[in-house]
Amino acid sequence: MGTYLDRRRFIQSVGVLSTAMIGSSAVPVLFPKTVGPDRRKTFASEKIIIIGAGPSGLVAALELQSAGYDVTILEGRMRPGGRVYTLRNQFSDDLQAEAGAVIYSSSYEIANRYIDQFGLNRVDYHVPALKPHFYLKGRHIVLDGSPVIWPYNLTSEEQQLGPFGILQKYLIDTLPPEIQQFDTWKNSGTLKQLDQLSLGDYMRKQGASEGALELVRRTMYFGNAIDHGSALSSLISDIHYFFTGASYFLLEGGNDTLPRAMADKLRSQIHYGVEVLAIHQQGDKVQIRANRSGKSETIEGDRVICTIPATVLRRIEFSPGLDEMKQQAVNSISYLDTTRTYLQVKRAFWVDRGLSGTAYTDLPIQDVLRQPYWMQVDANKRALLESHVRGDEAQRLAEMSESAAIDFTAKQMARVFPELPDYLEGGTVKAWSTDRFSLKAYSWPAPGQVTAHLEDLQRPHGRVHFAGEHTSIVRSLMEGALRSGVRAAREVNQA
């Protein structure tokens, strides 16, 4: 038996563990401090083409523009932000939902720098004073302060600890000191060894039972992939950034307010609806062959920063071709898929039973989340329930028609919330595997892939430089994407 802390109270209770870790791998401001007037004047005529208007491309453009470089951004979509995407106008009563990046952390250095620069308003991640809910092995588990028996083969101590206590014991409390300086991973034997393990294997080494691993798989947002992802990546991106004294927040108006503000500052430099097909280098120039509104065109520049996800980069023609090691890295790096289905309901009926609206399940719909995350709960107002599905089940859901996916999700969710059919009004789906500019959600290196591929993913190819969260040790996070953009801008400047 055990009791359970909601996530915010849990984080607050363990925040004293490593407040000093936050900000320990600082990324300095690149421009204008490190670029003097003479250099800025000398290189003002250099034209830098940036492929992609996601966070990494936008920050690279802003950093380079501040130093006097001539930047042009080519974006295949008709909006900025990439995989930072807020759904608007799909729902009633001005409801909105995050379809991409879920949340910001106070430990994000570059993101917070730009949030402050643009004067954007932070909104607290609202944790309602209602009861969390689980649906595991056919059982409803409502956390109301009474003892809980978790339906897994746990040790007696693990039963007492519950999911977040297990997280504390086997992950947070065991973080090696080297994680504080994760940018030194390539020179750290300890961190390299962590990359050879899956997160599940790492937990086993700390003494976790198989039942504890299964409970984590079903109740943590990163749990679905603990057997397939590098322990090094997970300990940095999932544990260090979110469970070591940080606080959560969103942005007023939606999380993509930040990339939209960045794009607005670059308005005249961004060209939307331009799909890059090939990158050709000849002499001291780089030519981009692209499709714009069904017509082929060529754009020429002095250097290129390519922020395309590796899943999409595999389709780009390079001339001369990528070297063997870089091509292998692009072809091999693993990605995690997500499909997110949103159901609009006429009223937040779960409040009638004192439930928070969030439920962690072992059903094919996986996590059920109340959207918008910042919304104050009102039982008599419309609201959204999201099914956030990761991994192979996300692909199966993505292969359905939208109406079939909504129907399937609603039927499964009714097992968690039997009242749902009485209030359901409709829904929408975002399947990242079917987005041709993403082809899955974000990188998730398998054990050994950080040490095998990350340096090759980062390495320039002649006059072509590379950025994107998949080229950062901080994988899958907005901060990782931003850090990679700053790195690529620095490379261009130093070149």
Do [X] and [Y] meet the criterion of a side-chain donor-acceptor pair at a distance under 3.5 Å?
X	Y	answer
Ser233	Gln449	no
Ser230	Asp195	yes
Glu386	Thr341	no
His465	Arg303	yes
Arg77	Ser438	yes
Ser387	Gln366	no
His280	Gln287	no

[X] side-chain N/O to [Y] backbone N/O, donor-acceptor pair under 3.5 Å:
X	Y	value
Lys192	Lys186	yes
Arg88	Ala97	no
Ser105	Tyr241	yes
Arg483	Ser472	no

Could you check whether [X] pairs with [Y] (Lys NZ or Arg NE/NH1/NH2 to Asp/Glu carboxylate O, under 4.0 Å)?
X	Y	value
Arg113	Glu109	no
Arg340	Glu98	no
Asp183	Arg487	no
Asp302	Lys285	yes

* Just jot down the salt bridge (charged side-chain N to carboxylate O under 4.0 Å, His left out) partners of Glu399, sequence neighbours excluded, or say none. => none

* Identify, with sequence neighbours excluded, every residue that meets salt bridge (charged side-chain N to carboxylate O under 4.0 Å, His left out) alongside Glu425. => Arg382

For [X], all residues meeting side chain to side chain contact (heavy atoms under 4.5 Å, CB included), sequence neighbours excluded:
X	result
Asn121	Glu252
Asp323	Met325, Lys326, Arg459
Ala61	Ile50, Val71, Ile73, Leu266
Ser403	Ser401

Restricting to side chain to side chain donor-acceptor pair (under 3.5 Å), what partner residues turn up for [X], sequence neighbours left out?
X	result
Ser188	none
Arg122	Asn112, Asp116
Thr358	none
Glu469	Arg83, Ser443

* Structure fact -> Residue pairs meeting salt bridge (charged side-chain N to carboxylate O under 4.0 Å, His left out), one or both in residues 257-274, sequence neighbours left out, come to Asp256-Arg260, Asp264-Arg267

So, do [X] and [Y] sit near enough that their side-chain heavy atoms are less than 4.5 Å apart?
X	Y	value
Ile236	Trp185	no
Leu313	Arg315	no
Pro447	Ser198	yes
Lys430	Asp435	yes
Val84	Pro55	yes

* What closest approach, in Å, do Tyr342 and Ala99 show between heavy atoms, and which atom pair accounts for it? -> OH-CA, 3.0 Å

* Asked: Closest approach of Phe91 and Gln96, non-hydrogen atoms and distance?
  -> CD1-CA, 4.3 Å

* To do: Could you give me the CA-CA distance, side-chain angles and deciding distance for Phe243 and Leu171, then say whether side-chain contact (heavy atoms from CB on, under 4.5 Å) is met?
  => CA-CA 10 Å; Phe243 291 99; Leu171 293 175; over 6 Å; no

* Asked: So how far is it from Asn255 CG to Leu250 CG, rounded to the nearest 0.5 Å?
  -> 5.0 Å

* Asked: For the atom pair CD1 (Ile51) and CD1 (Ile305), what is the distance rounded to the nearest 0.5 Å?
  -> 10.0 Å

* Asked: What residues form a ring pair (Phe, Tyr, Trp, His ring centres under 6.0 Å) with Tyr104, not counting sequence neighbours?
  -> Phe249

